[in-house]
Amino acid sequence: MKLPERGRPWPDIEAEMLSRGSKDAKWRDGKTAVYVFNAGEDIAEVQKQAYAAFMSENGLGPLAFPSLAQMEKDVISMALGLLHGPEGATGAITSGGTDSITMALKAARDCARACGKLDGAGNIVLPQSAHLAFDKAAHLMDIEVRRIALKQDGSYEADASAMGEACDSSTVMVVGSAPNFPHGIIDPIEELAAVAEKRGVWLHVDACVGGYFAPFARMNGLPVPAFDFELPAVHSMSADLHKYGYAAKGASTVLFRSEELYSHMPFDLAGWSGAPMKTPTLAGTRPGGAISAAWAVMNYLGEEGYCHLQGRVCATREKIEDGVKALGFEVLGNPMLGLMAFRHPELHAFAIYGEIYRRGWFTSVTKEPPSLHLMLSPKHADVADDYLADLGQACNAVRNGEAAKKKPVDARYS
Ligand SMILES: *Cc1c(COP(=O)(O)O)cnc(C)c1O
């Protein structure tokens, strides 16, 4: 496309955009189990209106926009209230999980340098199931990544003792996930905490996809193990508002046990021609709408609303677990929240993935071991039966060799 010489009326443009969108994955109908968190029309409306209300404002300017500064403080305080943040704990809103993880790693690295524990680039020790955002962040900072194999007992949990052995004097961070993305399993954070304490290393809990889910699952009576600041070894956490916080996209939280740990995150340099500028996170300009929408949705839902929605997601996951087991699948480990992965003893997951995709479902896969992957939203309660029926048909198609005759579907993220 070339920039048009003259503009055209908005109704034309809007119609063209909607028609382009009509070929996208059918997330509004609950046909997508990755990328989108569909919690219903009322929440979508709150997101939109709250985003639009502060769309032009910029979180880079807390003095110009004390409204946004206070909303950010409120969101962080609500987050810390959910995740056992002790007195003095603090944090910031970032643009997403990758941003939160990058900033936590930068803070950990700079903290190690500030107290004279590190002169080189450092390394980070993480389970094989931890998110790739850590590798990206480490790549940016030239930090070495040490990925450690999971426990081999079918739990798909991080192997804390092997991770401890991988630590040395240059380790700036040990990571656990609550839960991990590939299997939806909460790592044994208590075991990791013991290892981190013994080695004197910063422990980060990546609760990007569980931070705004696990606390409510626990309130609903699920036996969620300790995973947050309740454990004194946990130095920092990442928790995405734009996942199970049901906020508009472009919003996550990075949280620190204390002001001291947080102080290694902001960038504050005056050495240029312009006015001095202090940025807490990776971004310069920070979209006001992402902050206001998160604040609004949290106030709209409250504890009661989140408990209700997360309860619905867990019930749907249990129903799908039962359904896939009845179809002969094995569910990996013991998922407790909104994510799950499952594999079939005879039929290859990626072949089934292709068949389920052809039936209109945009889901995902896990590579190790090859499995089907679902990240469930409240909307999926309405379509779980349809999914299971289509999954049964997809299995039959693979079993009968029909799938082999068709062009394979590429199960990738991009
Ligand atoms: C989604 C996710 C991330 C990355 O978050 P983005 O918002 O996509 O950058 C990191 N860790 C886990 C466990 C996640 O689920």
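None of the values given here were measured: they were computed from a predicted structure. One-based numbering, in listed order, for ligands and for the atoms of each.
Selection from Asp206, Leu132, Val175, Thr94 by nearest heavy atom to atom 13 (C) of ligand 1 gives Asp206.
Ligand 1 has no N or O atom lying under 3.5 Å from any N or O atom of His131, backbone or side chain. Annotation: Ile101 places no N or O atom under 3.5 Å from an N or O atom of ligand 1; distance criterion only.
Under a 4.0 Å heavy-atom criterion, Asn180 is not in contact with ligand 1. Contact analysis leaves Asp99 out of contact with ligand 1, as no non-hydrogen atom separation drops below 4.0 angstrom.
Of the protein's non-hydrogen atoms, Gly97 N, 3.4 Å is the one closest to atom 6 (P) of ligand 1. Scanning the protein for heavy atoms near atom 9 (O) of ligand 1, the closest one is Thr98 OG1, 2.5 Å. Considering only non-hydrogen protein atoms, atom 15 (O) of ligand 1 sits nearest to Lys243 NZ, 3.0 Å.
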Next on the checklist: What verdict does the ring pair (Phe, Tyr, Trp, His ring centres under 6.0 Å) test give for Tyr35 and Trp27, after you've listed the backbone C-alpha separation in whole Å, the side-chain angles of each residue and the deciding distance to 0.1 Å?
Outcome noted: CA-CA 9 Å; Tyr35 300 130; Trp27 65 268; over 10 Å; no

Item to check | Phe216 and Tyr306: CA distance, side-chain angles, deciding distance, ring pair (Phe, Tyr, Trp, His ring centres under 6.0 Å) verdict | outcome: CA-CA 7 Å; Phe216 303 109; Tyr306 279 110; 4.9 Å; yes

Checklist entry - Glu191 and Lys151: side-chain contact (heavy atoms from CB on, under 4.5 Å), yes or no, with the steps? => result CA-CA 12 Å; Glu191 290 173 26; Lys151 285 181 186 164; 3.5 Å; yes

Checklist entry - Can His84 and Phe229 be said to form a ring pair (Phe, Tyr, Trp, His ring centres under 6.0 Å), step by step? => result CA-CA 5 Å; His84 295 101; Phe229 290 113; 9.3 Å; no

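Residue contact check: Cys208 has heavy atoms under 4.0 Å from atoms 2 (C), 3 (C), 10 (C), 11 (N), 12 (C), 14 (C) of ligand 1. Counting atoms of ligand 1 from 1 in the listed order, those under 4.0 Å from a heavy atom of Gly96 are 7 (O). Per-residue contacts place Val209 under 4.0 angstrom from the following atoms of ligand 1 (heavy atoms of the residue considered): 15 (O).
Nearest heavy atom pair, residue Ser263 against residue Pro266, reads O-CD, 3.6 Å.
With ring centers used as reference points, His242 lies 6.0 Å or more from Phe37.
Put simply, the side chain of Asp159 gets close to the backbone of Ala162: a donor and an acceptor are under 3.5 Å apart.
Judged by distance alone, the side chains of Asp42 and Tyr300 do bring a donor and an acceptor atom under 3.5 Å apart.
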